[in-house]
Amino acid sequence: MNPYATSMIISSLAIGTITTLTSFHWILAWIGLEINTLAIIPLMSKNPHPRSIEASTKYFLTQAAASALILFSSTLNAWLFGEWAINNFSNPISTTLMLVAILTKLGVAPFHFWLPEVLQGLSLQTGLILSTWQKLAPMALLLQLSQTLNLTLTLLLGLISTLVGGWGGINQTQTRKILAFSSIAHLGWMVAVLKLSPELYLLSFSLYIIMTSTLFYVFLTLNSKNMMQLTTSWPKIPALTAFSLLSLLSLSGLPPLTGFLPKWLIAQELIKQNLPLFALLILMSTLLSLFFYLRLTYIISLTLAPNSSYSLPLWLNKKKNYLSMPLLLTLCLLPISPSFFITT
């Protein structure tokens, strides 16, 4: 792609997200979301392959429908109350419609059907943008609506999302689809705690961005798009592959890694709010996700392909490793939990 076109697209992505993050009016927020959607489509379809074109079309149709629903619900609220402010959403019907629209943009179950197919049709670089940067603006809008949402509805959607994310990822062999279902499961945790504790919602989202970015960078470096390619990753870059095992375990939420921190705090918050049964159910649903994370770990670490190549392995090349900081954050952020307890 032309570097001028690439710079324009990246700038449009940044402008769209910043517009939505800094807006107080629903029309401005809607414009920012539209800029975001239109800016990423050229990145999706830059490879002239039928899967890329199909993914771009599915993404555009889904996002257009969700944007129309956002515009309709904000117009309905303005018609009833005369307010276009984002933080002044009083009508329960408008609030529910807005929640459905934003969750569709994010890919939260049961509005998730587009996400695995779209992510599978993209390159890993574009998939990284879709899984991280494109979620910033809808998550910010969801945070501003948090106190007007129905608690029972958010808890139900969160539980459904964690279950669907776990069940859907079990039979997958493509790493991009596994990351898509992992995203659905993690978003379920965030939606469940959204109304109870917006601080935990922000913490979970921040750690999700760090851990998912690390795993995408690892798969990019290893050039692995399915489980078969992961079996040959250890002879290529042993040190990076070893860290990728820990990154997968961190994303699954095993202690004492970083991914355990948000699940631990969210479960504790649910118990504080007299929801122990829901906390038990959402923790049990995490075991489904844990299964396919452990399967990936097993394939990478205990399944070694025969090495018939006489060339030097990639880890002998003295190159700078730009993954050291993301890997460190993915593995070692659990000690910040005492300070978080003090602040909350």
Side-chain angles (χ1 to χ4, degrees), residues 13 16-17 20-21 26 29-30 32-37 39-41 44 55 58-71 73-74 86 89 95-120 122 126-146 149-150 153-166 168-169 176-177 179-195 198 200-209 211-213 216 262 266 289:
L13 282 172
T17 301
T20 303
L21 292 178
W26 274 115
W30 176 78
L33 291 172
E34 287 302 295
I35 293 173
N36 245 1
T37 300
I40 197 173
I41 288 176
M44 290 179 167
K58 287 180 178 178
Y59 181 77
F60 174 74
L61 293 176
T62 308
Q63 299 297 309
S67 296
L69 194 54
I70 287 175
L71 200 57
S73 60
S74 58
I86 293 178
F89 231 61
T95 306
T96 304
L97 289 175
M98 184 62 71
L99 177 64
V100 169
I102 295 176
L103 295 186
T104 303
K105 277 190 167 292
L106 289 171
V108 176
F111 318 106
H112 68 285
F113 296 100
W114 63 271
L115 183 58
E117 297 300 325
V118 168
L119 202 58
Q120 178 61 27
L122 305 179
T126 312
L128 171 62
I129 297 173
L130 181 64
S131 299
T132 54
W133 183 262
Q134 291 296 95
K135 295 189 186 302
L136 288 176
M139 294 294 272
L141 292 177
L142 207 54
L143 180 63
Q144 295 183 69
L145 290 174
S146 60
L149 298 176
N150 186 344
L153 181 60
T154 55
L155 291 176
L156 180 63
L157 290 172
L159 182 60
I160 291 174
S161 194
T162 54
L163 286 170
V164 168
R176 285 166 292 184
K177 279 196 174 181
L179 288 171
F181 283 107
S182 169
S183 172
I184 293 168
H186 279 85
L187 288 172
W189 280 86
M190 299 173 210
V191 172
V193 80
L194 173 61
K195 188 174 176 64
L200 278 180
Y201 168 84
L202 279 177
L203 176 71
S204 302
F205 182 59
S206 303
L207 295 182
Y208 162 79
I209 292 289
M211 293 185 292
T212 303
S213 301
F216 265 103
I266 290 172
S289 303

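In this text, all values refer to a predicted model and were calculated from it rather than measured experimentally.
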message = Give me the atom names and distance for the closest heavy-atom approach of S204 to P262.
response = OG-CB, 3.5 Å
request  = For the residue pair L13 and Q134, establish whether any side-chain heavy-atom pair is separated by less than 4.5 Å.
outcome  = yes
key: Contacts of type side-chain hydrogen bond (donor to acceptor under 3.5 Å, both in side chains), residue T126, not counting sequence neighbours   = S123
request  = Mind checking ring pair (Phe, Tyr, Trp, His ring centres under 6.0 Å) for F205 and listing every partner two or more places apart, or none if nothing turns up?
outcome  = none
query = Atom CG in L71, atom CE in M98: separation rounded to 0.5 Å?
reply = 8.5 Å
query = S161 side chain to I184 main-chain N or O, any donor-acceptor pair under 3.5 Å?
reply = yes
message = Within this structure, what is the OG-CZ distance for the pair S74 and F89, rounded to the nearest 0.5 Å?
response = 6.0 Å
key: Minimum heavy-atom distance between L143 and P198, given as atom pair plus value   = CD1-CB, 3.6 Å
remark   = Taking every heavy atom of K195 against every heavy atom of S146, the minimum-distance pair comes out as CG-O, 3.6 Å
task = Would you give the length of the straight line joining atom CE of M190 to atom OG1 of T162, rounded to the nearest 0.5 angstrom?
result = 12.0 Å
inquiry  = Ignoring hydrogens, what is the shortest heavy-atom contact between P138 and K105? Give both atom names and the distance.
reply    = CG-CB, 4.4 Å
request  = Give a yes or no on whether the backbone of A29 and the side-chain of T20 come within a donor-acceptor separation of less than 3.5 Å.
outcome  = yes
query = Would L33 and Q63 count as a side chain to side chain contact (heavy atoms under 4.5 Å, CB included) if you check the C-alpha gap in whole Å, the side-chain angles of each, and the deciding distance to 0.1 Å?
reply = CA-CA 9 Å; L33 291 172; Q63 299 297 309; over 6 Å; no
remark   = To the nearest 0.5 Å, atom CG of L142 lies from atom CG of L187 at 9.5 Å
ask   = Of all heavy-atom pairs between L21 and A137, which one has the smallest distance, and what is that distance?
value = CD2-CA, 4.5 Å
request  = Check step by step if side chain to side chain contact (heavy atoms under 4.5 Å, CB included) holds for L69 and S73.
outcome  = CA-CA 6 Å; L69 194 54; S73 60; 5.6 Å; no
inquiry  = Could you tell me if T37 and Y59 have a donor-acceptor pair between their side chains, going purely by distance under 3.5 Å?
reply    = no
message = I want to check something: taking the side chain as every heavy atom from C-beta on, are L99 and L145 in contact at a cut-off of under 4.5 Å?
response = no
Interatomic spacing from CH2 in W26 to CG in L141 - rounded to 0.5 Å = 5.0 Å
Contacts table for residues 108-120: side-chain donor-acceptor under 3.5 angstrom, sequence neighbours left out:
residue: W114; atom: NE1; partner: T104; partner atom: O; Å: 2.9
residue: W114; atom: NE1; partner: F111; partner atom: O; Å: 3.4
residue: E117; atom: OE2; partner: K177; partner atom: NZ; Å: 3.3

inquiry  = Is any side-chain heavy atom of S131 closer than 4.5 Å to one of Y208?
reply    = yes
note = So OG1 of T212 and CG of L128: to nearest 0.5 Å the spacing works out to 9.0 Å
message = So L106 and V191, do their side chains get closer than 4.5 Å, heavy atoms only?
response = no
